[in-house]
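Note that this is a predicted model, so its numbers are computed, not measured.
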Amino acid sequence: MCKIKICGITDTAAIPAINRLTPDYVGFIMARGFKRSVSDDFVKKCGALLNSRIKKVGVFVNDDVYRIAWLVQDGTIDVVQLHGDEDGEYIRALKALTPVAVIKAVGLQGDRVDPWPEECDFVLLDSCSKEARGGTGKRVAWRRYDEIDKPFFLAGGITPSNVAQAIAAVHPFGVDSSGGLETDGRKDEQKICQYIANIREAEI
């Protein structure tokens with residue numbers, strides 16, 4: 001079953017629908033200075049409202065490992081997603097502080113996937129770069145990525161209308177959408193419902 005991830009939550013309005021539909025992961029941009037950045041306190045507040053079966057993912061860019069470890073240890077987040085220049089040494093240092101699953105975002109150079117550290121648990125394939133660390137809404141090529149030897153999430157331009165096609169073409173471990181689930185910059189309950197319904201239909 002393809003795992004379902006919703007990223008970039010910035011308010012609590014969609015939480016009742018998310019709880020009802022139970023995607024596998026919900027992501028929060030905890031790196032500072034981005035369009036969808038939210039505070040640690042906001043993530044704690046949302047976490048208290050979320051169905052306990054949904055894993056809370058904190059998204060970071062070259063952040064302090066001690067800050068991230070603390071957020072894991074106090075239960076604010078369950079999974080760490082890294083969008084910066086974090087390497088294997090960085091991930092080893094984080095895992096030495098706290099046992100946590102790590103998703104590492106990687107981009108593409110032409111048709112070639114950027115390298116990823118073996119120490120990560122999952123790869124997130126996105127249209128990220130040094131300037132735009134993800135969340136651009138641009139699609140990557142939809143093909144089989146047999147060269148990725150870890151479970152990977154497909155992100156980048158995923159919407160309710162194309163998610164089934166993306167799953168059929170790529171066969172990812174999971175799919176991840178943020179802007180594709182928004183209307184006027186806010187998560188849209190109807191789009192979230194359609195996204196999750198289309199993923200589950202595609203898996204039948």
Side-chain angles (χ1 to χ4, degrees), residues 3-12 15 18-19 22-107 113-135 145 147-156 172-178:
K3 300 296 184 183
I4 303 170
K5 186 169 179 288
I6 296 170
C7 203
I9 300 294
T10 58
D11 62 64
T12 59
I15 296 294
I18 289 171
N19 281 340
T22 58
D24 301 283
Y25 303 87
V26 167
F28 301 92
I29 312 304
M30 304 184 78
R32 300 176 177 95
F34 293 87
K35 180 170 66 173
R36 299 182 182 92
S37 295
V38 292
S39 69
D40 298 356
D41 286 343
F42 173 81
V43 180
K44 289 176 184 176
K45 176 184 175 182
C46 275
L49 299 173
L50 271 176
N51 185 316
S52 61
R53 289 183 291 168
I54 302 170
K55 293 186 184 300
K56 306 178 294 291
V57 182
V59 179
F60 304 91
V61 177
N62 299 329
D63 215 313
D64 180 74
V65 291
Y66 291 97
R67 175 192 174 219
I68 298 175
W70 172 251
L71 290 165
V72 174
Q73 289 165 358
D74 78 353
T76 302
I77 56 174
D78 306 305
V79 179
V80 172
Q81 184 170 315
L82 303 174
H83 274 257
D85 306 307
E86 303 91 356
D87 56 12
E89 183 179 355
Y90 180 102
I91 295 173
R92 284 194 301 273
L94 175 61
K95 287 175 174 279
L97 292 169
T98 187
V100 65
V102 173
I103 303 168
K104 182 66 178 80
V106 300
V113 182
D114 285 339
W116 58 90
E118 281 302 314
E119 290 80 358
C120 70
D121 300 282
F122 305 94
V123 167
L124 182 135
L125 188 59
D126 198 359
S127 53
C128 46
S129 66
K130 295 284 185 183
E131 296 75 30
R133 298 289 186 166
Y145 286 91
E147 67 270 38
I148 301 179
D149 60 356
K150 292 181 180 292
F152 73 93
F153 292 85
L154 179 68
F173 168 81
V175 287
D176 187 7
S177 184
S178 181

(message) A side-chain contact here means heavy atoms from C-beta on lying under 4.5 Å apart; do Pro172 and Phe153 qualify?
(response) no
(request) State whether the side chain of Lys150 and the backbone N or O of Cys120 hold a donor-acceptor pair below 3.5 Å, judged by distance alone. (result) yes
(message) Using the side chain to side chain contact (heavy atoms under 4.5 Å, CB included) criterion, which residues pair with Asn51? Sequence neighbours excluded.
(response) Asn19, Thr22, Arg53, Ile54
(request) State, with a plain yes or no, whether a side-chain heavy atom of Leu49 is found less than 4.5 Å away from one of Thr12. (result) yes
(request) Mind checking the CG-CG spacing from Asp78 to Leu50? Nearest 0.5 Å is all I need. (result) 9.5 Å
(request) Determine whether Trp116 and Ile148 make a side-chain contact, defined as any pair of heavy atoms from C-beta on separated by less than 4.5 Å. (result) yes
(request) Quick one: pull up CZ in Phe60 and CD in Glu86 and give me the separation to the nearest 0.5 Å. (result) 10.0 Å
(request) Consider only side-chain N and O atoms of Thr76 and Asp74, and report whether a donor and an acceptor are under 3.5 Å apart. (result) yes
(message) Tell me the closest heavy-atom pair linking Phe42 and Ile9, and the distance in Å.
(response) CE2-O, 3.7 Å
(message) Quick check for you: to the nearest 0.5 Å, what is the distance between Ile68 atom CD1 and Ile77 atom CD1?
(response) 7.0 Å
All N/O donor-acceptor pairs, side-chain side in residues 92-105, below 3.5 Å, sequence neighbours left out:
residue, atom, partner, partner atom, Å
Arg92, NH1, Glu119, OE2, 2.5
Lys95, NZ, Val100, O, 3.0
Lys95, NZ, Asp121, OD2, 2.7
Lys104, NZ, Gly84, O, 3.0

(message) Does atom NZ (Lys44) have a neighbourhood of more than 12 heavy atoms from anything else shown, all under 6.0 Å?
(response) yes
(message) Keeping Tyr145 on the side-chain end and Leu125 on the backbone end, is there a donor-acceptor pair under 3.5 Å?
(response) no
(request) Return yes if some donor-acceptor pair links the side-chain N/O of Ser178 with the main-chain N/O of Cys7 below 3.5 Å, else return no. (result) yes
(request) Please round to the nearest 0.5 Å and tell me the distance separating atom SG of Cys46 and atom CG of Asp41. (result) 11.5 Å
(request) Indicate yes or no for a side-chain donor-acceptor contact from Asp114 to the backbone of Val106 under 3.5 Å, with no hydrogens or angles considered. (result) no
(request) Could you please spell out the steps behind the side-chain contact (heavy atoms from CB on, under 4.5 Å) verdict for Lys56 and Val26? (result) CA-CA 5 Å; Lys56 306 178 294 291; Val26 167; over 6 Å; no
(request) May I ask you to check whether Phe122 and Phe152 place their ring centers less than 6.0 Å from one another? (result) no
(request) May I have the step-by-step check of side-chain contact (heavy atoms from CB on, under 4.5 Å) for Arg32 and Val61, ending in yes or no? (result) CA-CA 8 Å; Arg32 300 176 177 95; Val61 177; over 6 Å; no
(request) Mind checking salt bridge (Lys or Arg N to Asp or Glu O under 4.0 Å) for Glu89 and listing every partner two or more places apart, or none if nothing turns up? (result) none
(message) So does Ile4 get a backbone contact from the side chain of Asp24, meaning a donor-acceptor N/O pair under 3.5 Å?
(response) yes
(request) State plainly whether the residues Lys5 and Asp176 are in salt-bridge range, i.e. N to O under 4.0 Å. (result) yes
(message) Is any side-chain heavy atom of Asp126 closer than 4.5 Å to one of His83?
(response) yes
(message) Checking side chain to side chain contact (heavy atoms under 4.5 Å, CB included) between Val38 and each of Asp11, Thr10, Ile29, which is the one that passes?
(response) Thr10
(request) Write down the atom of Ser37, the atom of Ala31, and the distance for their closest heavy-atom approach. (result) OG-O, 2.6 Å
(message) Can you tell me how far apart CZ (Phe28) and CD (Gln81) are? Round to the nearest 0.5 Å.
(response) 12.0 Å
